[in-house]
Amino acid sequence: MDFVPTLPLGPDELLTTTRSVRRRLDLTRSVPMELVRECLEIALQAPSGSNRQGWQWVVVTDPAKRDLVGRIYQRAAHGYLASEGSAARLFADDPERAEEQRRVGESVAWLADRMGQVPVLLLPCLQIDGGELPAGNQAGLWGSVLPAAWSYMLAARARGLGTAWTTLHLAYEAEVAELLGLPATVRQAALIPTAWYTGQGFRPARRQPLDEVLHVDRW
């Protein structure tokens, strides 16, 4: 099944070093469709609510279409970066975290201006009866595609590919759907740029201590 040898990563290292890759995506090197298919074959083994498997996967490699999707994403990202909720503006009262957030914001901006140049753009989607999202609890609905999308990202990492979970384009979901010919019954979950990554050195990210977010038996 392997198209390229996987990296010698144990499960814990794979899970803790699969980062959002933006600046380190190689925009000059093509990614074989066979390799994308291999990662998606692994993704299809993820759990799905009621085993419905309502997922659909749109892979965009055509340069012209990638450019157009990239332009839509760029428009959405620039609006986000100018907003008060931008990653770059979070934790402004914490000098240490503010600096980290500034770097994240710069990374987001870098990718926003180059999304259309990424060799492969993957859109995980859900086939939904009638195309309308139900009111109320949607956890089960999206929980039937998000684990599979994460499995794709893990499989890509194990094969030397970088990915990033992005959703900003969903502000213009209908435009992307029209561009790619998606039927009205298909809703998009994310846009995952995929490319070979440059350099090494992926390591676990700094996170809040577990005890600050852990609740046992009650809040």
Side-chain angles (χ1 to χ4, degrees), residues 7 9 13-32 35-36 39-40 43 57-63 65-92 96-124 146 148-173 176 188-208:
L7 301 174
L9 301 171
E13 184 178 4
L14 177 64
L15 288 166
T16 58
T17 64
T18 299
R19 309 256 62 87
S20 289
V21 185
R22 301 183 185 95
R23 290 179 183 268
R24 294 165 67 178
L25 294 173
D26 188 341
L27 306 181
T28 66
R29 185 180 173 190
S30 63
V31 176
L35 186 54
V36 176
C39 295
L40 286 172
W57 307 87
V58 181
V59 180
V60 186
T61 60
D62 177 76
K65 285 187 171 62
R66 284 189 285 119
D67 178 66
L68 292 172
V69 172
R71 291 174 186 272
I72 294 172
Y73 183 85
Q74 182 184 52
R75 187 187 344 145
H78 283 184
Y80 160 74
L81 290 167
S83 73
E84 291 299 320
S86 166
R89 301 188 183 193
L90 296 180
F91 308 110
E96 187 173 359
R97 293 195 71 177
E99 175 59 22
E100 182 177 3
Q101 293 302 128
R102 181 191 63 79
R103 292 194 297 270
V104 172
E106 290 178 351
S107 178
V108 170
W110 189 93
L111 179 60
D113 293 337
R114 294 165 179 82
M115 182 67 85
Q117 301 172 41
V118 179
V120 173
L121 301 179
L122 173 71
L123 291 95
L146 302 189
W150 178 235
S151 289
Y152 168 85
M153 296 171 72
L154 292 170
R157 159 79 170 119
R159 288 157 177 76
L161 297 172
T163 61
W165 181 272
T166 78
T167 57
L168 294 176
H169 80 290
L170 293 174
Y172 304 105
E173 181 182 5
V176 176
Q188 302 159 51
L191 171 62
I192 303 176
T194 305
W196 300 102
Y197 57 72
T198 60
Q200 297 294 329
F202 292 105
R203 59 184 184 276
R206 182 169 51 189
R207 294 291 191 243
Q208 289 176 268

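In this chain, residues are counted from 1 in sequence order.
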Student: Which heavy-atom pair separates V108 from Y80 by the least distance, and what is that distance?
Tutor: CG1-CE2, 4.3 Å
Student: Are L35 and W196 packed together at the side-chain level, in the sense that at least one heavy-atom pair is separated by less than 4.5 angstrom?
Tutor: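 The answer is yes; the side chains approach within 4.5 Å.
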Student: Do L161 and V36 have side chains that get closer than 4.5 Å, going by heavy atoms?
Tutor: no
Student: Which distance, rounded to the nearest 0.5 Å, do you find between the CD of E173 and the CG of L191?
Tutor: 11.5 Å
Student: Can you tell me how far CG of L154 sits from OG1 of T18, rounded to the nearest 0.5 angstrom?
Tutor: 4.5 Å
Student: Rounded to the nearest 0.5 Å, what's the gap from CG on L68 to CZ on R71? Could you check?
Tutor: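 Here the rounded value is 7.0 Å.
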Student: If you look at every heavy atom in P193 and A164, which pair is closest and at what distance?
Tutor: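 It is CD-O, 3.1 Å.
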Student: Can you measure from CG (D26) to OG1 (T198) and round to the nearest 0.5 angstrom?
Tutor: 6.5 Å
Student: Counting C-beta onward and ignoring hydrogens, is there a side-chain heavy-atom pair between L123 and V176 closer than 4.5 Å?
Tutor: yes
Student: Testing the basics here: between R159 and C39, what is the closest heavy-atom pair and its distance to 0.1 Å?
Tutor: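 Scanning both residues, the minimum pair turns out to be CD-SG, 3.8 Å.
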Student: Taking the side chain as C-beta and beyond, is there a heavy-atom pair between V120 and V60 under 4.5 Å?
Tutor: no
Student: Please step through side chain to side chain contact (heavy atoms under 4.5 Å, CB included) for the pair W165 and L146, ending with a clear verdict.
Tutor: CA-CA 10 Å; W165 181 272; L146 302 189; 3.4 Å; yes
Student: Any non-hydrogen side-chain atom of V59 less than 4.5 Å from a side-chain atom of L40?
Tutor: yes
Student: Which heavy atom of R22 sits nearest a heavy atom of W110, and at what distance?
Tutor: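 The answer is O-CZ3, 3.1 Å.
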Student: Of the non-hydrogen atoms in P119 and L27, which two are nearest, and what is the gap between them?
Tutor: CD-CA, 4.4 Å
Student: Evaluate the side-chain proximity of L170 to Q188: yes if any heavy-atom separation is below 4.5 Å, no if none is.
Tutor: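 Answer yes - side chains close enough.
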Student: For the CZ atom of R203 and the OG1 atom of T16, what is their distance to the nearest 0.5 Å?
Tutor: 12.0 Å
Student: Would a distance-only check, ignoring hydrogens and angles, find a side-chain to backbone donor-acceptor pair under 3.5 Å from R29 to A195?
Tutor: no
Student: Could you state the interatomic distance from CD1 (I72) to CG (L168), rounded to the nearest 0.5 Å?
Tutor: 13.0 Å
Student: Do M115 and H169 touch side chain to side chain, with heavy atoms closer than 4.5 Å?
Tutor: no
Student: Are any non-hydrogen side-chain atoms of Y73 and L121 less than 4.5 angstrom apart?
Tutor: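 No, side chains not in contact.
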Student: Going by distance alone, is a donor N or O of one side chain under 3.5 Å from an acceptor N or O of the other, for Y152 and T163?
Tutor: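 No pair is found: no donor N or O on one side chain lies under 3.5 Å from an acceptor on the other.
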Student: What is the minimum heavy-atom distance between I192 and P124, and which atoms define it?
Tutor: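 In this case the closest contact between I192 and P124 is CD1-CG, 3.8 Å.
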